[in-house]
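Following: one structure in structure tokens, then a few remarks.
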Amino acid sequence: MVSAVFHSPLEVVPSTKNEPPSGAVAAPAAMAAVPRPAPAPPVQARRGWDLRVLWTNVLPPVLGLVFLVTVWAVVAGTGESGIPTPLETWKQAIEVFSDPFYQVGPNDQGVGWNVLMSLQRVAIGFGLAAAVGIPAGFAIGRFEFLSRMFNPLISLLRPVSPLAWLPIGLLVFKGANPAAIWTIFICSIWPMIINTAVGVQRVPQDYMNVARVLNLSEWKIFTKILFPAVLPYLLTGVRLAVGTAWLVIVAAEMLTGGVGIGFWIWDEWNNLNVASIIIAIFVIGIVGLVLEFGLIKLATLFTFEEVKS
């Protein structure tokens with residue numbers, strides 16, 4: 001037996017008995033050594049968690065789509081708008097995507113070829129803008145003289161609509177395809193320059209003081225200090241530039257013609273095929289969503305911060 005005896009500190013009474021005195025609390029040693037198992041989580045709690053995830057993640061976007069389709073069906077049901085109903089558009093979509101890569105002539109191709117051609121123009125124009133804009137952003141943010149020199153020019157040219165540069169591209173390059181790429185280049189370069197320069201200017205001054213004390217070269221400063229610190233800002237500029245480029249290419253292709261999703265929309269309008277135009281709108285939105293999602297995943301791989309859409 002293990003016993004616990006409570007007594008007065010002024011008087012100690014020895015006990016010769018084996019039994020615990022009155023007022024003692026005894027517990028078997030074997031029972032005290034065995035830990036109590038943790039209670040299992042109730043089944044109702046797990047079910048409630050699953051319902052909460054369903055309520056917060058799945059139900060809101062589904063309700064948003066239902067709301068969109070409902071408004072669409074109400075507007076199309078009036079009969080005066082000329083907009084096809086969701087069911088008619090669905091039937092047209094099945095026909096369009098049954099053979100998205102057909103090719104009858106240079107101006108009669110499936111929606112798949114048009115999307116790929118638009119993505120090709122965006123990739124070329126965006127790549128050229130990144131090759132020029134990112135180094136320029138680092139230089140403008142790093143050197144105050146260059147910042148004071150180019151800030152007025154950026155403030156003057158950035159608000160200009162990208163389509164205003166399209167006639168300049170047609171005049172200089174003498175072709176619709178390079179003019180569209182030029183438009184993508186000029187609209188993509190500003191977000192990358194501005195965000196990269198802001199990221200460089202927000203690098204803590206203590207980092208630069210340490211680099212000055214250690215007498216680091218400009219290449220070491222760039223690779224060891226500036227690039228890791230500026231990377232979140234740079235990726236934000238890349239995301240903004242890609243979104244802007246994908247918006248602009250549709251309007252540029254409507255004006256220049258040729259193969260592309262913008263030209264496909266304009267051609268379907270000339271054929272009074274409104275259902276195909278609505279399908280193209282959804283295609284443009286889905287492709288833009290995929291590009292945005294891919295860039296967000298790329299940003300989370302190279303940064304320690306949470307990158308939100």
Side-chain angles (χ1 to χ4, degrees), residues 58 61-62 64-79 81-127 162-163 166 170 175-184 187-188 242-298 309:
V58 179
V62 171
L65 292 176
V66 171
F67 176 76
L68 175 63
V69 174
T70 303
V71 174
W72 179 8
V74 170
V75 174
T78 57
S81 61
I83 298 177
T85 62
L87 182 58
E88 296 173 353
T89 306
W90 176 257
K91 293 179 181 178
Q92 180 69 18
I94 294 176
E95 181 180 351
V96 168
F97 290 107
S98 61
D99 188 11
F101 292 100
Y102 76 88
Q103 191 170 9
V104 178
N107 294 328
D108 188 7
Q109 301 183 18
V111 64
W113 293 117
N114 288 279
V115 172
L116 290 178
M117 182 57 67
S118 298
L119 288 174
Q120 180 182 353
R121 293 191 181 104
V122 168
I124 296 174
F126 172 80
L163 294 180
L166 185 59
L170 292 172
N177 190 51
I181 294 175
W182 155 257
T183 307
I184 296 302
C187 76
S188 301
V242 168
T244 305
W246 185 242
L247 289 174
V248 171
I249 191 59
V250 176
E253 289 173 346
M254 284 183 178
L255 298 176
T256 57
V259 180
I261 189 65
F263 171 76
W264 192 69
I265 292 176
W266 191 252
D267 187 58
E268 294 299 323
W269 167 250
N270 292 330
N271 295 328
L272 298 179
N273 195 349
V274 183
S276 295
I277 297 175
I278 297 176
I279 294 170
I281 291 173
F282 280 101
V283 170
I284 293 170
I286 292 172
V287 173
L289 183 63
V290 171
L291 292 175
E292 179 78 8
F293 181 77
L295 289 174
I296 290 174
K297 289 300 181 182
L298 180 65
S309 60

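Quick caveat, the model's predicted, so the values are computed rather than measured. The first residue in the sequence is number 1, and the count goes up from there.
- When all heavy atoms of Gln109 and Asn114 are compared, the pair lying nearest together is O-ND2, 3.3 Å.
- For the atom pair CG of Leu289 and CZ of Phe282, the computed distance is 12.5 Å after rounding to the nearest 0.5 Å.
- With rounding to the nearest 0.5 Å, the separation of CD1 in Ile277 from CD in Gln92 is 11.0 Å.
- With sequence neighbours left out, Asn273 forms a side-chain hydrogen bond (donor to acceptor under 3.5 Å, both in side chains) with Glu268, Ser276.
- For Trp246 (side chain) and Ile284 (main-chain N/O), a donor-acceptor pair under 3.5 Å exists by modelled atom type.
- The two residues Ala245 and Cys187 have their closest heavy-atom pair at CA-SG, 4.0 Å.
- With hydrogens and angles disregarded, no donor-acceptor distance shorter than 3.5 Å links the side chain of Asp99 to the backbone of Gly110.
- Closest approach of Ala179 and Leu166 over heavy atoms only: O-CD1, 3.8 Å.
- Applying the side chain to side chain contact (heavy atoms under 4.5 Å, CB included) criterion to Leu247, with sequence neighbours excluded, gives no partner residue.
- The CD1 atom of Ile261 lies 9.5 Å from the CG atom of Leu119; values are rounded to the nearest 0.5 Å.
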Checking Ile279 against Phe97 for the side chain to side chain contact (heavy atoms under 4.5 Å, CB included) test, could you report, in this order, the C-alpha distance in whole Å, the side-chain angles of both residues, the deciding distance, and whether it holds? CA-CA 10 Å; Ile279 294 170; Phe97 290 107; 3.7 Å; yes
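- Evaluation of the side chain to side chain contact (heavy atoms under 4.5 Å, CB included) rule for Ile94 yields Trp90 as partners, not counting sequence neighbours.
- Between Arg121 and Ala180, the closest heavy-atom pair is CD-CB, 4.0 Å.
- For Trp113, the ring-ring contact (aromatic ring centres under 6.0 Å, His included) partners two or more places apart in sequence, or in a different chain, are Phe101.
- Remark: Pro84 pairs with Glu88, Thr89, Val274, Ala275, Ile278 by the side chain to side chain contact (heavy atoms under 4.5 Å, CB included) rule, at least two apart or across chains.
- Residue Phe293 qualifies as open at atom CZ: its count of foreign heavy atoms under 6.0 Å is 12 or below.
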Would Phe67 and Val71 satisfy side chain to side chain contact (heavy atoms under 4.5 Å, CB included), going step by step from the backbone distance to the final call? CA-CA 6 Å; Phe67 176 76; Val71 174; 3.8 Å; yes
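- With sequence neighbours left out, the side chain to side chain contact (heavy atoms under 4.5 Å, CB included) criterion links Val69 to Pro86.
- Residues Leu163 and Ala252 approach most closely at CD2-N, 3.9 Å, considering heavy atoms.
- Minimum heavy-atom separation, Gly175 to Leu170: O-CD2, 3.6 Å.
- Between atom CE of residue Met254 and atom CD1 of residue Ile249 there is a gap of 11.5 Å, rounded to the nearest 0.5 Å.
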